[in-house]
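First comes the structure, then the notes that go with it.
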Amino acid sequence: MKTKINLSMWLAAFAVLGALTFTSCKKETSAGTVSDNSTPAEVAATVNASTEDAESEEQFDDVFNITASISAEDAGEDLGMGTNVSAGLGEPGIRLTPTTPRCYTVTVVPRQPGVFPKTVTIDFGTGCLGRDGKFRKGKIVTIYTNRMLVPGAKISTTFVGYSVDSFSIEGTHITENTSTSNMQGLKVSVIDGKITNTNTGNWRKWNSTKNILQIEGNGTPNFPIDDVYKITGGARGSNSFGHNWASTIVEPLIKKFTCRWIVKGTVRLIRDGREALIDYGNGNCDNLAIIYINGVGHTIRL
C-alpha cells in the first residue's frame with residue numbers, strides 16, 4: 001500500500017461533475033428523430049445543478065488542499081498527506097522553508113509530536129494574498145484525530161470569519177481516511193456548507209459526501225500512471241434565487257490518472273423537480289458525455 005497520496009489526483013477525483021457546455025444536441029432513437037421539446041437553454045438549466053455542485057466543490061477542495069498539506073514546518077510533524085503543498089498557497093511541489101515569507105500564521109495545540117487530537121488554526125488575518133493568487137482572510141480551524149495518512153484518521157474543519165476572494169465560507173468539512181491494508185480510500189463530506197458572495201449577498205447552501213477508492217495501482221507507490229479511482233456519493237443544495245438541486249452517483253464514476261476527465265459512470269441530476277441522467281461513457285478517455293432528458297440524449301462537452 002502506498003504511503004504517499006497524490007494530492008492533485010485526489011482533488012481531480014473530487015470534482016466529479018464539472019461545468020458543462022454544449023457542443024451539440026442529439027435527438028436519438030432507433031426509430032427515427034424524436035424530440036423532447038427541450039431547447040438548449042432548457043437543457044442548460046437542467047444541468048445547471050452540475051455547475052452549482054462544481055462551483056461549491058471547488059471552494060471546499062481548496063479547504064482539503066490546505067488541511068492535507070500541514071507539514072512538519074507548520075506543525076512540528078507531518079499531519080497531512082506527504083504532498084509538499086504549502087498550506088494556504090495551493091501550489092503543488094512547494095514546501096515552506098524558514099526563509100519563505102508567510103502571509104498567515106499556524107498555531108498547533110498540543111504541539112508535542114504524536115499527541116492527538118490536535119487542533120491546528122491557520123490565521124490569514126485581515127487579508128492575505130497567497131502565491132496561488134487567492135486572497136484569504138479569517139481562520140481555518142482543523143481538528144486531527146491522527147495524521148491524515150493513518151487509516152481511520154478523521155480531520156474536521158470549521159471556519160471563523162473565513163473568506164476566499166469575494167466568497168465567505170461556512171460549514172464543516174470532514175476528511176476520513178478509509179484505507180484498508182490493500183486499498184487507499186477517503187471519505188470527504190461537507191455538512192451545512194454555505195458560500196456567500198460578499199459583493200452581492202447571493203448565497204449557495206451545499207451538503208456533499210464523496211467516497212473515493214483507489215481500485216488500481218495500489219501496489220506501485222512510485223508509478224502513478226496505473227492509478228484508477230472509483231467515486232460514489234452525492235450532493236444537494238439550494239441558492240438564494242430559490243432553486244434546489246441534488247446529484248446522485250448512480251453507477252460509480254471512474255477516474256484514471258492518465259485522463260483528465262471522468263471516463264465511466266452515471267450521475268442523476270434533479271433541479272427544481274426536473275430530472276436528468278449524465279452518462280460519462282464506457283471507459284474511453286474523452287471530454288464528451290451524454291445527458292438524457294425524458295429518454296432523449298444530448299451530447300455535451302465536459
Side-chain angles (χ1 to χ4, degrees), residues 1-11 13-14 59-90 92 94-98 100 102 104-125 128 130 136 138-162 169-193 207-214 218 221 229 233:
M1 180 176 172
K2 298 181 181 179
T3 58
K4 302 281 187 180
I5 294 179
N6 186 301
L7 178 64
S8 61
M9 188 61 210
W10 286 96
L11 286 175
F14 295 149
Q59 293 287 359
F60 284 99
D61 280 352
D62 186 57
V63 176
F64 172 83
N65 193 341
I66 293 171
T67 58
S69 65
I70 299 299
S71 65
E73 285 86 349
D74 301 308
E77 62 181 314
D78 287 334
L79 299 180
M81 302 175 80
T83 57
N84 289 337
V85 178
S86 299
L89 297 181
I94 298 176
R95 180 181 286 272
L96 290 171
T97 68
T100 302
R102 295 187 179 207
Y104 58 90
T105 61
V106 180
T107 303
V108 182
V109 179
R111 183 77 182 186
Q112 297 93 326
V115 179
F116 293 92
K118 198 179 294 290
T119 300
V120 177
T121 301
I122 303 177
D123 189 350
F124 297 95
C128 176
R136 301 175 178 86
K139 299 178 182 179
I140 295 177
V141 181
T142 304
I143 299 174
Y144 294 76
T145 64
N146 209 326
R147 295 188 306 117
M148 192 178 284
L149 281 173
V150 176
K154 184 175 181 179
I155 295 84
S156 302
T157 300
T158 54
F159 312 95
V160 180
Y162 181 66
I169 312 297
E170 302 173 70
T172 302
H173 181 278
I174 299 174
T175 302
E176 299 176 67
N177 188 327
T178 58
S179 302
T180 62
S181 59
N182 61 356
M183 186 177 296
Q184 289 188 134
L186 290 177
K187 178 181 179 181
V188 180
S189 305
V190 176
I191 301 171
D192 294 333
N207 287 268
S208 172
T209 299
K210 295 291 189 302
N211 295 285
I212 305 172
L213 287 177
Q214 183 174 337
N218 284 281
Y229 297 83

* Structure fact -> Looking only at heavy atoms, the pair that brings Arg136 and Gly130 closest together is NH1-CA, 4.5 Å

* Is there side-chain contact between Thr105 and Phe124, with at least one heavy-atom pair below 4.5 Å? -> no

Distance-only check: which donor-acceptor pairs under 3.5 Å involve side-chain atoms of residues 112-121, not counting sequence neighbours?
{"unit_1": "Lys118", "atom_1": "NZ", "unit_2": "Glu77", "atom_2": "OE2", "d": "3.4"}
{"unit_1": "Lys118", "atom_1": "NZ", "unit_2": "Pro110", "atom_2": "O", "d": "2.9"}
{"unit_1": "Lys118", "atom_1": "NZ", "unit_2": "Gln112", "atom_2": "O", "d": "2.8"}
{"unit_1": "Lys118", "atom_1": "NZ", "unit_2": "Val115", "atom_2": "O", "d": "3.0"}

* Asked: Of the non-hydrogen atoms in Ala153 and Asn146, which two are nearest, and what is the gap between them?
  -> CB-CB, 3.9 Å

* Structure fact -> Closest heavy-atom pair, Ser179 versus Pro151, reported as atoms and distance to 0.1 Å, is O-CB, 3.6 Å

* Take Thr175 and Leu186 through the test side chain to side chain contact (heavy atoms under 4.5 Å, CB included) and record every step on the way to the result. => CA-CA 7 Å; Thr175 302; Leu186 290 177; 4.1 Å; yes

* Asked: Going by heavy atoms in the side chains, are His173 and Phe64 under 4.5 Å from each other?
  -> yes

* Asked: Do the non-hydrogen side-chain atoms of Ile191 and Asn207 ever get within less than 4.5 Å of each other?
  -> yes

* Name all residues meeting the side chain to side chain donor-acceptor pair (under 3.5 Å) criterion together with Ser156; count only those two or more places apart in sequence or in a different chain, and write none if there are none. => none

* Structure fact -> When every non-hydrogen atom of Tyr144 is compared with those of Thr67, the smallest separation belongs to OH-O, 2.7 Å

* Asked: After noting the C-alpha distance and the side-chain angles of Val141 and Phe159, does the key distance pass the side chain to side chain contact (heavy atoms under 4.5 Å, CB included) rule?
  -> CA-CA 6 Å; Val141 181; Phe159 312 95; over 6 Å; no

* Asked: Can you tell if the side chain of Ile66 reaches within under 4.5 Å of the side chain of Ile122, non-hydrogen atoms only?
  -> yes

* What pairs with Thr157 under side chain to side chain donor-acceptor pair (under 3.5 Å), at least two apart in sequence or on another chain? -> Thr142

* **Closest heavy-atom pair and its distance - Cys128, Tyr104** => SG-N, 4.0 Å

